[in-house]
Amino acid sequence: MSAIAIKHNDEIVDLVTAQEQGIEGEEIELDNSPEALDVLRHSTAHLMAQAIKSLYPDAQFFVGPTVKEGFYYDFKTEAEIGEADLKKIEKQMLSFAKKKYKIEKYAISKAEAQEKFKDDPLKLAVMKRIPDETVSIYKQGEFEDLCRGPHLPSIGLIRYFKLTKIAGAYLGGDSKNEMLTRIYGIAFATKDALKAHMDMLAEAEKRDHRKLGNEMKLFTFREEVGAGFPIWLPAGGRLRARLESLLFKAHRKRGYEPVRGPEMLRSDLWKTSGHYQNYGENMYFTNIDEIEFGVKPMNCVGHIKVYEDELHSYRDLPIKYFEYGVVHRHEMTGALHGLFRVREFTQDDAHIFCTVDQIEEQIIEVIDFVHKIMTTFGFEYKMMISTKPEKAVGDAEVWEKSEAALKSAMEKHNLDYDIDEGGGAFYGPKIDIKILDAIGREWQCGTVQLDNNLPARFELEYNGEGNEKIQPVMIHRAILGSFERFIGILTEHYAGEFPMFIAPTQVAIVPVAESHKEYAKELSDKLIDINADSEIYAKNDSLNKRIRTAEKTRVPMIAVVGDEEIENKTVSIRDRRTREQYTLSQEEFLSLIQTKINEVNF
RNA sequence: GCCGACAUAGCUCAGUUGGCUAGAGCAGCUGAUUUGUAAUCAGCAGGCCCGGGGUUCAAAUCCUCGUGUCGGCACCA
């Protein structure tokens with residue numbers, strides 16, 4: 001195999017450039033290494049542009065970078081391009097690739113380039129973003145493009161690629177600008193790698209919570225109900241109830257008090273909190289008796305009212321309130337996505353009111369809570385500290401102190417974290433928890449946010465040692481984020497095969513014949529006593545059919561009972577997916593289920 | 001909100017260039033069968049073809065405005 005590029009001082013340069021400038025370094029070969037793929041995909045983007053240009057001669061191109069999952073190119077054409085056209089473009093790309101055009105490069109001054117592309121506003125826009133005085137042009141066959149490279153020596157090396165999506169994208173990523181057409185694609189050095197990637201996409205599709213949620217009857221949406229308002233079906237209701245009850249205990253152990261605020265509050269309160277001004281566009285309002293009310297988009301204000309219900313001493317702090325708080329946020333139509341982005345959802349929300357000195361230990365306690373939950377579900381996770389954004393309230397000193405507290409908490413406990421500069425909420429810095437699911441995808445769930453703003457706006461206070469009035473710090477935190485989103489993620493993580501402790505149904509009981517129904521019912525009652533749900537499959541269908549039906553619900557365990565089992569007081573167990581069968585006594589069976597349910601303890 | 005695609009039975013999907021009474025599988029109901037570890041057989045019932053407006057002798061099919069869904073972009077306090 002020969003080199004496709006040179007790595008020099010951690011920079012990848014293409015062969016043309018290396019030769020031209022006499023650069024020497026490590027040779028990059030065309031394999032599936034990140035460096036090689038980056039070059040390959042970049043050139044594939046150009047090949048795609050070449051194909052598009054030949055099929056749609058009026059096409060003008062903006063930028064075509066490589067991204068995490070491949071590459072894309074943004075362009076503009078009068079022609080209407082749809083999904084169906086991707087195949088056509090792919091075909092054209094292959095035919096160009098077969099011609100094995102060399103990818104040539106030459107440099108011209110920016111002024112020359114501006115002259116050259118004077119009829120192409122998109123290219124001129126690209127050039128505006130380039131500070132250099134000289135720009136490089138890459139050329140393959142008739143096709144030329146302004147580009148910094150690096151590129152393959154020849155498009156003949158491009159063989160294993162696929163165009164995956166077509167979509168609109170704002171020029172320069174700014175919604176004030178016009179919208180261009182964007183085509184996404186992926187390329188690999190080998191056929192196997194491409195296939196593996198396509199298989200991974202197919203696997204992700206199989207796990208899609210919207211598909212599984214429908215199949216498993218977890219939840220649904222209905223047009224007449226309204227976009228973004230999920231409807232929880234019985235199976236989903238049971239799953240969710242299990243999660244809620246596990247989490248309830250975990251909160252109580254850590255000293256959180258369950259509270260509940262109203263679903264809507266007078267708008268004056270939202271004006272005090274600042275939500276009216278900052279977030280009002282996304283809130284639901286209603287007017288009655290000439291008073292305006294706002295449906296809560298978060299639970300803080302309710303908890304603040306709980307805090308205000310009595311006077312507090314420094315001796316009482318920290319005070320922790322929690323609530324499965326239902327909130328409404330009018331998300332934009334295009335943002336809605338299954339359970340991941342909805343307009344009504346329930347947060348596992350809590351607010352900790354504490355002294356400045358207590359911030360650090362409280363943060364650590366929350367992080368430990370997060371750790372227990374995430375590892376129980378088999379998620380790896382990482383944390384990110386987000387600092388002061390441009391649009392921020394509160395004075396700079398408080399911001400600095402809060403950010404420092406977060407960082408020092410992490411560092412003292414040797415916890416790894418990344419920093420997202422300027423990614424904080426307008427009222428304080430935060431720690432976000434990003435989890436990694438079973439197939440390596442990243443999700444943002446929990447968040448811990450420091451807030452000095454609301455305590456000030458609502459003039460919260462507690463009595464200090466010398467009976468002086470002190471403003472407490474408020475820590476907002478959610479661990480799952482929302483039940484909706486988290487259950488969506490769990491569904492995809494487990495591919496619908498929920499572990500016993502969270503599964504909507506723990507056991508499917510299949511009586512062999514009519515005469516065994518009574519024993520099945522007896523088992524089912526005993527299961528309820530140990531907090532396990534079961535379903536009896538006693539329909540007038542063949543045994544095989546009922547086992548098949550039960551299997552398809554992805555229930556963790558099937559218990560078959562017939563004459564033998566009744567006589568010996570046993571159950572015949574069939575584990576999910578494996579065809580393994582074994583017999584247990586009733587006691588063994590019940591204690592096994594009980595153990596599996598109880599082994600989880602956050 | 002923006003660009004593009006799509007919407008047919010509870011679910012998954014057929015339905016030709018506008019043209020007979022809009023079909024199938026699964027699920028449901030009724031009956032027969034009473035089953036030992038992934039689909040027993042037969043019969044029946046299911047549709048304002050997403051909604052409003054239009055074009056046409058004729059619309060599931062074409063146009064238009066909504067609603068919803070999907071892929072992205074933008075957004076996510």
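Bear in mind the structure is a predicted one, so any value in this text is a computation, not a measurement. Sequence lines set the chain letters: A, B, ... in the order given, protein chains first and strands last, and positions in each chain run from 1.
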Undergrad: Measure up the A:F340 and A:H337 rings against each other and bin them: parallel (under 30°), tilted (30 to 60°), perpendicular (over 60°).
TA: parallel
Undergrad: So do the side chains of A:F219 and A:I231 get within less than 4.5 Å of each other, counting heavy atoms only?
TA: no
Undergrad: Please state the P separation for the pair B:C11 and B:G4 - nearest whole angstrom.
TA: 29 Å
Undergrad: Closer to the 5' end of RNA chain B via nearest nucleotide, is it A:L180 or A:R341?
TA: A:L180
Undergrad: Compare side-chain N and O positions of A:R210 against OP1 and OP2 of B:G71 and report whether any pair is under 4.0 Å apart.
TA: yes
Undergrad: Under 4.0 Å, counting only non-hydrogen atoms across every strand here, what does A:G274 touch: a base, just sugar-phosphate, or nothing?
TA: nothing
Undergrad: Taking atom C1' in both B:G15 and B:C3, compute the distance separating them and give it to the nearest angstrom.
TA: 30 Å
Undergrad: Please evaluate the base of B:C75 for a donor-acceptor partner in the side chain of A:R329 within a cut-off of under 3.5 Å?
TA: no
Undergrad: For residues A:K176 and A:Y170, determine if any side-chain heavy atom of one lies less than 4.5 Å from a side-chain heavy atom of the other.
TA: no
Undergrad: To the nearest angstrom, how far is A:E178 atom CD from B:G4 atom C1'?
TA: 16 Å
Undergrad: When you measure from the centre of the six-membered ring of A:F188, is the NZ or CZ of A:R41 closer than 6.0 Å and no more than 45° off the axis?
TA: yes
Undergrad: Roughly how far apart, to the nearest Å, are B:G18 and B:C63 at atom C1'?
TA: 13 Å
Undergrad: Do A:H493 and A:F379 have side-chain heavy atoms sitting under 4.5 Å apart?
TA: yes
Undergrad: How close or far is atom C1' of B:G1 from atom CG of A:N177, stated in whole angstroms?
TA: 15 Å
Undergrad: How close or far is atom P of B:C76 from atom CG of A:N282, stated in whole angstroms?
TA: 9 Å
Undergrad: Using atom NZ of A:K165 as one end and atom C1' of B:G4 as the other, report the distance to the nearest whole Å.
TA: 14 Å
Undergrad: Using a heavy-atom cut-off of 4.0 Å across all strands, would you classify A:A169 as base, sugar-phosphate, or nothing?
TA: sugar-phosphate
Undergrad: In whole angstrom, give me the gap between the P atoms of B:A59 and B:C50.
TA: 15 Å
Undergrad: How close or far is atom P of B:C76 from atom CZ of A:F345, stated in whole angstroms?
TA: 14 Å
Undergrad: Do the side chain of A:Y170 and the base of B:G1 come within less than 3.5 angstrom through a donor-acceptor pair of N or O atoms?
TA: yes
Undergrad: Heavy atoms, side chains only, cut-off 4.5 Å: are A:H516 and A:E565 in contact?
TA: no
Undergrad: Between C1' on B:C3 and CD1 on A:I183, what's the gap in Å once rounded to a whole number?
TA: 13 Å
Undergrad: Quick one: A:F340 CZ to B:G71 P, roughly how many Å, whole number?
TA: 11 Å
Undergrad: Is it true that a side-chain atom of A:E403 and a backbone atom of A:K388 form a donor plus acceptor pair closer than 3.5 Å?
TA: yes
Undergrad: Any stems for RNA chain B, made of 3 or more Watson-Crick or G-U pairs in a row, each with both distances under 3.5 Å?
TA: B:1-7 with B:67-73, B:10-13 with B:23-26, B:28-32 with B:40-44, B:50-54 with B:62-66
Undergrad: Using atom C1' in both nucleotides, what's the gap between B:A38 and B:C6 to the nearest angstrom?
TA: 34 Å
Undergrad: Using the C1' atom in both, what is the distance from B:A9 to B:A22, to the nearest Å?
TA: 11 Å
Undergrad: Under 4.0 Å between a side-chain N or O of A:H337 and OP1 or OP2 of B:G71?
TA: yes
Undergrad: Nucleotide by nucleotide, 5' to 3', does protein get under 4.0 Å of the base (B), only the sugar-phosphate (S), or neither (-) in nucleotides 10-17 of chain B, counting heavy atoms?
TA: -SS-----
Undergrad: Quick one: is A:Y72 getting a side-chain N or O under 4.0 Å of the B:C73 phosphate, OP1 or OP2?
TA: no
Undergrad: I'd like to compare against my own output: the B/S/- annotation of nucleotides 25-40 of chain B with a strict under-4.0 Å heavy-atom distance to protein.
TA: --SS---BBBBBBBBB
Undergrad: How would you label the contact of A:F221 with the nucleic acid (heavy atoms, under 4.0 Å): base, sugar-phosphate, or nothing?
TA: nothing
Undergrad: Between B:G47 and B:G54, how many Å separate the two C1' atoms, rounded to a whole number?
TA: 24 Å
Undergrad: Is there side-chain contact between A:K296 and A:E263, with heavy atoms separated by less than 4.5 Å?
TA: yes
Undergrad: Evaluate the side-chain proximity of A:M48 to A:T44: yes if any heavy-atom separation is below 4.5 Å, no if none is.
TA: no
Undergrad: Using a 4.5 Å cut-off on heavy atoms from C-beta on, say whether the side chain of A:L269 contacts that of A:K305.
TA: yes
Undergrad: What is the distance, to the nearest angstrom, from the CG atom on A:L201 to the P atom on B:G72?
TA: 10 Å
Undergrad: When the nearest nucleotide of RNA chain B is assigned to A:M283 and to A:E83 on a heavy-atom basis, which residue is associated with the more 5' position?
TA: A:E83
Undergrad: For B:G46, does the glycosidic angle fall within 90° of 0 (syn) or outside that (anti)?
TA: syn
Undergrad: With a cut-off of under 6.0 Å to the ring centre and 45° to the axis, is A:R182 in cation-pi contact with A:Y72?
TA: yes
Undergrad: Over 60° means perpendicular and under 30° means parallel, so tell me whether A:H303 and A:Y321 are parallel, tilted or perpendicular.
TA: perpendicular
Undergrad: Heavy atoms, side chains only, cut-off 4.5 Å: are A:L527 and A:F589 in contact?
TA: yes
Undergrad: Would you call the rings of A:H476 and A:Y427 parallel, tilted or perpendicular, taking 30° and 60° as the class edges?
TA: tilted
Undergrad: If I pick the P atom on B:G10 and the same atom on B:A27, what distance separates them, to the nearest angstrom?
TA: 16 Å
